[in-house]
Protein chains: 2
Amino acid sequence: MEKKKAGAAPRDYALHEQIGFFLRQASQRHVAIFANRIGDKLTTTQWAALSKLKEIQPCSQNQLGRETAMDVATIKGVVDRLAKRGLLTTLRDETDARRLVLSLTEDGHKAIARNVDAALDVSEETLKPLTTAERMMLVELLRKIS
Amino acid sequence: MEKKKAGAAPRDYALHEQIGFFLRQASQRHVAIFANRIGDKLTTTQWAALSKLKEIQPCSQNQLGRETAMDVATIKGVVDRLAKRGLLTTLRDETDARRLVLSLTEDGHKAIARNVDAALDVSEETLKPLTTAERMMLVELLRKIS
DNA sequence: ATTTTTTTATTTGTATGCAAACGAGTATCG
DNA sequence: CGATACTCGTTTGCATACAAATAAAAAAAT
C-alpha cells in the first residue's frame, strides 16, 4: 500500500502517453521530410511566409506574421532573412509610417514556382501512413485543438 | 485558359490546408497551455527530460536524448540548464569514460512531484475540445505519422 | 593486435519561438 | 484639442532544434 497524504492521490506521468509528445514527434518528422524535399535551403517557416505572402501581398510585416501564426519577433527574423536573400522587398507605407509593406520579388516568385510541387509532396509524404479518411480526420482533430 | 509547358500542370498551394501548418498550430497552443499551467519556469522540453529521467534513471545524456526525441546538441543544452538549476546531477561513468550519467536530485524529484498534476492538466486542457473517442483517434493518427 | 567502425559528448553556426520592454505613429474618445 | 489606448516594428534575452565538425573512448572486424 502506498502512503498518501490526506486526499493527495499521486498520479502517474508517462511522457510517451502525452499528447504534447506526439505533437512534437509528428512535427519533427514533418520538418525532416520538408528539409529533404526542398532544395533551396528554405525552412518550413520561410516557406510558410513566402507562400502566404503570395496569397495576400502586398501586406504589412505584422499581418503576415498573424496569417502565418508567427510572433512579431519571429516574423521579423524570417522576413529579414528572406529580404537578405532577395526573395521579398520591404517598403515603408506612405499612408502609415509604421507599416512595412512586403512584396515578393521576381526571385521570390521563382523560388515558389520552383518548389510548389515539392512542398505538396511534403504534405503527401507526411500523411502517407494514413488513408484518405484518416487524413481528413487528423486535419479536423488538429483544427479543433488549435 | 492557362498557358502551360508540356506536362507541367501547376498545382495550387494553400498554406492553411497543409498538415504542417496544423501541426505547428496545435503544438503552439499546447506549449502556451503548458507555460500557463506550470509554475516553476519549466519548458515542455525540460519537463520531458525530467519526467523521462525519473522513469529511466540513471542513464546517459545521449540515451535521455533518444528517449525524449531530442538531438544530441539539444539534449546537452537542456541538461546543462537543468543541472545549473540543481534539478539533476551529471557524473562520468566509471566503466565508460564517454558516458555522462544523469540522476535526479532531491530538488529534481520535488519539482516533478510539485508539477505532475499540472502537467496532466495540460494534456487534459489541450484535448478538451475533443471527445474521448476523438482523443484516442488523434493520438493514434499522430503515432502513425511519427 | 591493429584497423575500422560506432558510440558518446562537445562545439559552432544558423534558424525558429516567445516574453518583455521600448519608441514611434495612429486611432479613439471625452 | 488632448489624454489615452492601440498598433507596428525593433531589440534583447532565453530556450529549443538541427546540421556539421571535432575529439575521445569503446566495440567490432580483420
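All values reported here derive from a predicted model rather than from experimental measurement. Just so it is clear: chains get the letters A, B, ... in the order the sequence lines come, proteins before strands, and each one is counted from 1.
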Separation of atom CE in B:Met70 from atom C1' in C:dT10, rounded to whole Å: 18 Å
Report which part of the nucleic acid B:Ala73 touches: base, sugar-phosphate, or nothing (heavy-atom distance under 4.0 Å, all strands). base
Counting only N and O atoms by type, is there a donor-acceptor contact under 3.5 Å from the side chain of A:Arg81 to the main-chain atoms of A:Gln46? no
Could you state the CZ-P distance from B:Phe21 to C:dG17, rounded to the nearest angstrom? 11 Å
Heavy-atom distance under 4.5 Å between the side chains of B:Leu100 and B:Arg92, does that happen here? yes
Which of these nucleotides, C:dT16, D:dA15, C:dT8, is closest to any side-chain atom of A:Gln46? C:dT16
Of C:dT8, D:dA25, C:dG25, the nucleotide closest to the side chain of B:Asn62 is C:dT8
Side-chain N or O of B:Lys76 versus OP1/OP2 of C:dA9: is the shortest distance under 4.0 Å? no
NZ/NE/NH1/NH2 to OD/OE distance under 4.0 Å, A:Lys52 and A:Glu55: yes
Select one nucleotide: of D:dA24, C:dG25, C:dG17, the one nearest the side-chain heavy atoms of A:Thr45. C:dG17
Taking D:dT16, D:dT10, C:dT16 as options, the one with an atom nearest any side-chain atom of B:Val78 is D:dT16
Given D:dT10, C:dT10, C:dT8, which nucleotide is nearest the side-chain atoms of B:Arg66? C:dT8
Could you work out which one of C:dT16, D:dT10, D:dT16 sits closest to the side chain of B:Thr74? D:dT16
Whole angstrom value for the distance that separates P of C:dA15 from CZ of B:Arg24: 16 Å
Rounded to whole Å, the CG-C1' distance (A:Leu42 to C:dA15) equals 12 Å
Considering only C:dA9, D:dG9, C:dG25, which nucleotide approaches the side chain of A:Arg98 most closely? C:dG25
If you check the B:Thr43 side chain, which of C:dT16, C:dT10, D:dT16 turns out closest? D:dT16
Integer-rounded Å distance: C:dT16 P and A:Gln28 CD: 16 Å
State, yes or no, whether a side-chain contact exists between B:Arg29 and A:Ile145 at a heavy-atom distance under 4.5 Å. yes
Check the distance between D:dA26's P and B:Leu100's CG and give it to me in whole angstrom. 13 Å
Tell me which of B:Asp96 and A:Ala32 sits closer to the 5' end of DNA chain D, going by the nucleotide each one is nearest to. A:Ala32
Taking only side-chain N and O atoms of A:Arg81, does any of them lie within less than 4.0 angstrom of OP1 or OP2 on C:dT16? yes
Whether A:Phe34 and A:Trp47 hold their rings parallel, tilted or perpendicular, with breakpoints at 30° and 60°: tilted
d(CG, B:Asp71; C1', D:dA21) in whole Å: 13 Å
